[in-house]
Amino acid sequence: MDKKKLSEADICEKFISPALQQAGWDAVEQVFREYTLRPGRVVVRGRQAARDKRSVLRADYVLFYKSNPLVVIEAKDNHHAIGAGMDQAIHYAELLDVPFALSTNGDGFVFRDATLTTGVLESNLALDQFPSPQDLWNRYCAWKGWSPAVRQVAEYPYAPSKTPRYYQINAINRTVEAIAQGQNRILLVMATGTGKTYTAFQIIWRLWKSGAKKRILYLADRNILIDQTMVNDFRPFKGAMAKLSPNAKGVERVDAETGKQFIEHLDLAVNKTSKLVDKSYEIYLSLYQAVSGTEEEANIYKQFSPDFFDLIIVDECHRGSADADSAWREILSYFSTATQIGLTATPKETKDVSNIEYFGEPVYQYSLRQGIEDGYLAPYKVIRVDLDKDTFGWRPTVGMKDKAGNLIEDRIYNATDMNRTLVLERRDEVVAAKITEYLKATHRYDKTIVFCEDVDHASRMRQALANANADLCKDNPKYVVQITGDNAEGKLELDNFIDPEKTYPVIATTSKLMSTGVDAQTCKLIVLDQNIKSMTLFKQIIGRGTRLREDLGKTWFTILDFKRATDIFADEKFDGDPVQIYEPKGDDPVAPPEPPPGSPGKPGGPEVGGSPPTGPTTVGPGEGGVQIKRYIVDGRVNVSVARERVQYLNAQGKLITESLRDYTRINLLAKYSSLDQFLQAWNDAERKEALLQELEGYGVLFDALAEDVGKDLDPFDLLIHVAWNMPPLTRRERANRVKKRNVFTKYGPTARKVLDALIDKYADQGVQTIESMDVLSVPPLTDLGTPVELVRSFGGKDQYLQALQLLESELYSARPN
């Protein structure tokens, strides 16, 4: 058999897989082919998004021992050297936190053993010398220094549910390993939307099933977090699990077979009448408030002996548990002998409050930036809207009074005063109008969270948004709702807001209630009209939009910032930059200008209540304990959008401060010393799409640049116009030039019709479209024949691709005159 004629897939099937089987690796339980490490970053272009195929990472083989990834193998075809895949294998092994990496071309293996248990880092192995599972596992355990007791826990398999992602595997294994070795305080830091609850479930499962931990308490600070956890990720614990609460309504669910809705009732561990706890369960889930709230409830956790629990999981531990004198910390102190794991997306570290002081340094961290880069979290755009009174300040005229007739203190009020000490009613109207304008330009039924300064502001904003969307709210009163801690009716709508299957509510105004722990999977717009100075709070708020739901069309989201809160991006500690920052000028549309959207929106609240309270209103102590007064000023004071500029992020995630055209020109001239050099590179590129992707990685922001130039140009013309000041041609003009030259006479009738159709496709959609083979499967090309028939009309695929190159050469053959 001539290996040189075999593809990489053939090499794997005929040589690598048999070698693994011969060495004792189980093809079903232990050998995973084409193992996805990263599904690929979601790239946003205009209002469309797609996976960047270049950033997809798949290991040819990952070999597992029990629940532990152990070996990575990168295979190449036989035209490559045997060690050609070693760099990739090492990279994948680092991601999976494993010491064994191999490269192969079907002739044998280059074997890298980072445990150095044999004293050799890299060696060459014949196909029949591949190590056995037990051999490599023994080396791994010796490298780790594990005792037999630790090995017993580490070897216990995952629960039979969905396959963990690579970073979840790392978090689970590092936590289980640390606990098995006797560590009793553990911190896990994982960005919102990366599966902290699922990770916690797998940690509990392995410790519980292996017998290392027998009685477990899971603490969270939202009822919905507990209830959804019990019916979703923690479902395999059913029968051994109960909620520490005397009251629960159950969780609304849909039967997978019948499609009918039903209420799933939860096991409750507290008797409604006696308030006594049933201690026969092994796994308990509870709100902090349920066991340490009122005087009556405060004794619930004390019904357990201090050594009752072996393991306590503290979800969102950056909140109350971080504070040394909080009621939540009392629970942890009471059960001090238990192993305690803190889960958070944002560990709180101040001079007074510290997660790390209590739990220790994180055993594993997975950041917002990593999640976006890997393609597990949704990227986002930022639209900054500065209002004139916030930006330049406002000073009352001499003797000016507010709505209640109170004399307004004479000073300059700025952004930090708005909705705290000063309420300008026109400002609420302008903010509501901008939010509505954005939704009308995108999709009026996109889930939206508006973060307000306080409950009073959330109430006013609900009313302003209801008025701005009166056409929808008159028939659908729950289009806009207020969801705040003091609003009982609004809080009841929280479940409906986060349910992807429920249309209403669409817009939720809130203050603090929805800033953390709310799994709003389909939220596409987050509005910031709140003074945010805390990195922790800012990242928690961003986390409301970071979940990906590609099946429901949620691939990215937008932050609409009225408070310059996104200045936090400039903080060196911030780790998840936006893909674009847009700042409309004056009357510019709040949504960046776009070509006709590719997908139309669906066709399409609470009651408009009474007036907000008039001032001056005492809203509580400010800094130093001084009472703050709130003045409410009616429509006499106008508010408008201030002068603004557009900012973007470059390839390194830093804000571009110069003009976008200057930035592009500087970048291109650094890469190509002359126009001729650029033209040579363009003409030499077999696929223009590949060159465009390279330029995007180099910092050319094509969509933003097109918006800045204000013309729908081919990327080629856009670049030569901006960088070398060449007069551009439209795609239609280029297409007509080629048609007039009649250069395809050597092809048969069908092939010429295909090329004519491709020219029209280019004129309408650009060069990227015609370079994809998929173009043969859409009208009008489908009217000419099947893709196979169309390719055959050129004599085969190679001849078709040659004709396509000729077409592109003709399209770009002459510079514009």
| said: Check this for me, if you would: do Arg51 and Glu550 make a salt bridge, where the nitrogen-to-carboxylate-oxygen distance has to be below 4.0 angstrom? | reply: yes

| task | Identify whether the distance between the nearest side-chain nitrogen and carboxylate oxygen of Asp107 and Lys3 falls below 4.0 Å. | result | yes

| Is a side-chain N or O of Thr546 found less than 3.5 angstrom from the main chain of Ala378, in a donor-acceptor match? | no

| said: Taking Gly85's backbone N and O only, do any of them form a donor-acceptor pair with Ser103's side chain (distance below 3.5 Å, no angle check)? | reply: yes

| query | Got a second to check how far Lys14's NZ is from Ser7's OG, nearest 0.5 Å? | reply | 9.0 Å

| note | The single option from Arg731, Arg732, Arg734 that satisfies salt bridge (charged side-chain N to carboxylate O under 4.0 Å, His left out) with Asp717 is Arg734

| request: Report the relative orientation of the aromatic rings in Tyr167 and Tyr366; use parallel for angles under 30°, tilted for 30 to 60°, perpendicular for over 60°. | output: parallel

| request: Measure the shortest side-chain to side-chain distance between Val56 and Arg38 over non-hydrogen atoms and say whether it is less than 4.5 angstrom. | output: no

| query | Does the side chain of Ser777 pick up a donor-acceptor pair with the side chain of Asp774 at under 3.5 Å? | reply | no

| Between Phe111 and Asn124, is any pair of side-chain heavy atoms under 4.5 Å apart? | no

| Short side-chain donor-acceptor distance under 3.5 Å, Arg547 and Gln521 | no

| message | Do Ile559 and Ile383 make a side-chain contact, defined as non-hydrogen atoms from C-beta onward lying under 4.5 Å apart? | response | no

| query | Got a sec, which residues hit side-chain contact (heavy atoms from CB on, under 4.5 Å) with Asp97, two or more places apart in sequence or on another chain? | reply | Asn170, Arg174

| message | Looking at Thr558 and Leu525, would you say the former's side chain and the latter's main chain have a donor-acceptor pair under 3.5 Å? | response | no

| said: Given 3.5 Å as the limit, does a donor-acceptor pair link the side chain of His79 with the main chain of Lys4, or not? | reply: yes

| task | Give the C-alpha distance, both sets of side-chain angles, the deciding distance and a yes or no for salt bridge (charged side-chain N to carboxylate O under 4.0 Å, His left out) between Lys440 and Glu437. | result | CA-CA 5 Å; Lys440 285 182 176 179; Glu437 178 189 337; over 6 Å; no

| task | Using a 4.5 Å cut-off on heavy atoms from C-beta on, say whether the side chain of Val72 contacts that of Leu96. | result | yes

| Flag, side chain of Ser674 to backbone of Gln677, donor-acceptor distance under 3.5 Å | yes

| said: To the closest 0.5 Å, what do you measure between CG (Leu811) and OG (Ser809)? | reply: 9.0 Å

| said: Suppose we call two aromatic rings close when their centres sit under 6.0 Å apart. Are Phe64 and Phe32 close by that rule? | reply: yes

| field | Test: Lys381 cationic atom under 6.0 Å from Trp556 six-membered ring centre, within 45° of axis | value | yes

| Going from CG on Leu95 to CD on Gln370, what distance comes out if it is rounded to the nearest 0.5 angstrom? | 9.0 Å

| query | Are Lys76 and Glu8 close enough for a salt bridge, meaning some N to O gap below 4.0 Å? | reply | no

| request: Test Val778 against Lys761 for side chain to side chain contact (heavy atoms under 4.5 Å, CB included), laying out the working first. | output: CA-CA 10 Å; Val778 297; Lys761 279 290 183 184; 4.0 Å; yes

| Does a donor on one side chain and an acceptor on the other come within less than 3.5 Å for Thr36 and Arg58? | yes

| ring pair (Phe, Tyr, Trp, His ring centres under 6.0 Å) contacts touching residues 743-782 (sequence neighbours left out) | Tyr747-Phe794

| message | Measuring only between side-chain heavy atoms, which start at C-beta, is Leu807 closer than 4.5 Å to Ile770? | response | yes

| Taking the six-membered ring for Trp, is the centroid-to-centroid distance between Tyr812 and Trp682 below 6.0 Å? | yes

| Check: Pro728 main-chain N/O paired with His721 side-chain donor or acceptor under 3.5 Å | no

| said: Quick check on Gln21: does its CD atom have over 12 non-hydrogen neighbours (other residues, nucleotides or ligands) under 6.0 Å away? | reply: no

| query | Is there side-chain contact between Gln768 and Lys688, with heavy atoms separated by less than 4.5 Å? | reply | no

| request: Ignoring hydrogens and angles, tell me if any N or O in the side chain of Thr448 forms a donor-acceptor pair with the backbone of Asp446 under 3.5 Å. | output: yes

| Asp676 versus Gln680, side-chain donor and acceptor atoms under 3.5 Å | no

| Atom pair CG (Leu552) and NZ (Lys447), whose distance is rounded to the nearest 0.5 Å | 11.0 Å

| said: Nearest 0.5 Å, please: how far is OG1 in Thr104 from CD1 in Ile16? | reply: 3.5 Å

| task | Taking the side chain as every heavy atom from C-beta outward, state whether Phe678 and Phe716 have any pair of such atoms under 4.5 Å apart. | result | yes

| message | If you count heavy atoms of other groups shown closer than 6.0 angstrom to NZ of Lys753, is the number above 12? | response | no

| request: Check whether any side-chain heavy atom of Tyr92 sits under 4.5 Å from a side-chain heavy atom of Glu74, and report yes or no. | output: yes

| message | Can you confirm whether the side chains of Tyr35 and Asp60 place a donor and an acceptor under 3.5 Å from each other? | response | no

| message | Checking Leu668 against Leu695 for the side chain to side chain contact (heavy atoms under 4.5 Å, CB included) test, could you report, in this order, the C-alpha distance in whole Å, the side-chain angles of both residues, the deciding distance, and whether it holds? | response | CA-CA 9 Å; Leu668 280 177; Leu695 290 173; 4.1 Å; yes

| said: Check this for me: does any side-chain nitrogen of one of Glu810 and Arg741 sit under 4.0 Å from a carboxylate oxygen of the other? | reply: yes

| query | Is any NZ, NE, NH1 or NH2 atom of the basic residue among Asp52 and Arg54 found under 4.0 Å from an Asp or Glu carboxylate oxygen of the other? | reply | yes

| task | Without swapping roles, check the side chain of Glu34 against the backbone of Tyr61 for a donor-acceptor pair under 3.5 Å. | result | no

